[in-house]
2 protein chains.
Amino acid sequence: MLFKLYLSAMAFQKERSAGYLANQMARLFAKGLHERIRPLGLAPAQFMTLLPLWDEDGISQSELVRRLDVEQATMANTLTRMERDGLIERRANPGDGRSQAIHLTPKAKALRDPATVAARAQNEAALADFSEDERQAFLALMRRAIASMHKD
Amino acid sequence: MLFKLYLSAMAFQKERSAGYLANQMARLFAKGLHERIRPLGLAPAQFMTLLPLWDEDGISQSELVRRLDVEQATMANTLTRMERDGLIERRANPGDGRSQAIHLTPKAKALRDPATVAARAQNEAALADFSEDERQAFLALMRRAIASMHKD
DNA sequence: AGAGCTTGAATAGCATGCTATGCAATGATA
DNA sequence: TATCATTGCATAGCATGCTATTCAAGCTCT
């Protein structure tokens, strides 16, 4: 197997790299979603942060970090921008002086339907020519890759 | 089909959203790659930018933009950081006073092998439990989603 | 030649993410 | 109870990306 000796010198083809394609795909998803929800005054990370809050208002920042799997500092900054934009309020948590309860404003509550519709439309645009089986397979493969990288 | 009427009000489940999974997957790829190439003094976007340059030294910024599909402003900033880090030089292009030829330093040329090995290792970590067929299918599905979003 | 369009880059400003720190409120334990 | 560890957040600093703007160099066309 002589070719194995030359593996490290072989051209690294980005079109065949899962990481390269994942980056490009994620940027296109974010860009497309941003265009669709910009009229609502939302940015992608704000939409993502609203998802758990629409289901359960008043959870803490640390709970959001757990559910969305981003770093605490990232969430703190996103919440600051959402507060600035009138989407959330940080209220003192009576039970624990360290944590704050994140509450949605009426404005944020009203965005649930249109924002959800926009996000579904973006997913549909990406998977337009996928069959139902292909969609399920694609989601399953992404979940496995995520789980595999999470192990480290 | 009454349920259709309630589609917009249905919970948007992030685990079933291709865009959400793509974002999470891309972040994990970038984080893992960054850890692996940090000892080389490289960041992910710098590695990506080196790929076309290792194949063809001296191309222009606009050519890099075309090959890597990022915005011109993004590339300009990445190149500024790479110049700062001693990876590239911007030289005047004799044929066209507007463009500059991007040339690799010996330091950048020497990083080709170890950086390529690191990137392959990250892809392998993500796809560790994928069969060869699954890997090919995964890459093909990502390329199709990218192409579909590119149409807009 | 001169006006106007096109192209290649830089810069400003902002959103997302990450790591590293620092700090205050809790909790656990000797 | 005094000390130490843990937990919840904020902030600083930086890398990537994007849009919008500006500027200079080339090109076109009359």
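When the nearest nucleotides of DNA chain C are assigned to N77(A) and L79(B) by heavy-atom distance, the more 5′-ward of the two goes with L79(B). If you find the closest nucleotide of DNA chain D to R66(A) and to E35(A), the one lying nearer the 5' end belongs to R66(A).
Residues passing the side-chain contact (heavy atoms from CB on, under 4.5 Å) test with N77(B) are R81(B), sequence neighbours excluded. By the side-chain contact (heavy atoms from CB on, under 4.5 Å) test, S17(A) pairs with F12(A), Y20(A), N123(B), sequence neighbours left out. Partners of A121(A) according to the side-chain contact (heavy atoms from CB on, under 4.5 Å) rule, which considers only residues two or more places apart in sequence or in another chain, are R36(A). For T80(B), the side-chain contact (heavy atoms from CB on, under 4.5 Å) partners two or more places apart in sequence, or in a different chain, are R90(B). Under the ring pair (Phe, Tyr, Trp, His ring centres under 6.0 Å) criterion, F138(A) pairs with F130(A), not counting sequence neighbours. Considering only residues two or more places apart in sequence or on other chains, T74(B) meets the side-chain hydrogen bond (donor to acceptor under 3.5 Å, both in side chains) condition with none of them.
A donor-acceptor pair is defined here as one N or O able to donate and one able to accept, closer than 3.5 Å; no such pair exists between the side chain of S148(A) and the backbone of L127(B). For W54(A) (side chain) and L104(A) (main-chain N/O), no donor-acceptor pair under 3.5 Å exists by modelled atom type. Judged by distance alone, with hydrogens and angles left aside, the side-chain atoms of R143(A) form a donor-acceptor pair with the main-chain N or O of E15(B) at under 3.5 Å.
Under a 4.0 Å N-O distance rule, the pair K31(B)/E35(B) does not qualify as a salt bridge. A salt bridge is defined here as a Lys NZ or Arg NE, NH1 or NH2 lying under 4.0 Å from an Asp or Glu carboxylate O, and E134(A) with R144(B) meets this definition. A salt bridge does not link D129(A) to K151(B): none of the charged side-chain nitrogens sits closer than 4.0 Å to a carboxylate oxygen. A salt bridge does not link E71(B) to R27(A): none of the charged side-chain nitrogens sits closer than 4.0 Å to a carboxylate oxygen.
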All N/O donor-acceptor pairs, side-chain side in residues 37-52 of chain B, below 3.5 Å, sequence neighbours left out:
unit_1 : atom_1 : unit_2 : atom_2 : d
Q46(B) : OE1    : A43(B) : N      : 3.2
Q46(B) : NE2    : D85(B) : OD2    : 3.1
T49(B) : OG1    : A45(B) : O      : 2.7

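Taken residue by residue, residues 37-63 of chain A places heavy atoms nearer than 4.0 Å to DNA chain D at S60(A), Q61(A), S62(A). Near DNA chain D, defined here as any heavy-atom distance below 4.0 Å, the residues from residues 67-74 of chain A are Q72(A), A73(A), listed numerically. DNA chain D is contacted by R90(A), R98(A), S99(A), Q100(A) of residues 84-101 of chain A, taking any non-hydrogen atom closer than 4.0 Å.
Between its two ends, the helix from dA1(C)-dT30(D) to dA30(C)-dT1(D) turns its axis by 10°, counting five pairs per end and rounding to 10 degrees.
For M75(A) and dA10(D), the CE to P distance is 12 Å, given to the nearest whole Å. A straight line from NE2 of H34(A) to P of dA20(D) spans 11 Å, rounded to a whole angstrom.
Protein chain A touches strand DNA chain C; the 5'-most and 3'-most nucleotides with an atom under 4.0 angstrom of its non-hydrogen atoms are dA15(C) to dT26(C).
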Practice task
Begin with the C-alpha distance, continue with both residues' side-chain angles, and end with the deciding distance and a verdict on side-chain contact (heavy atoms from CB on, under 4.5 Å) for Q100(A) and N93(A).
Solution key: CA-CA 5 Å; Q100(A) 297 174 311; N93(A) 182 331; 5.8 Å; no

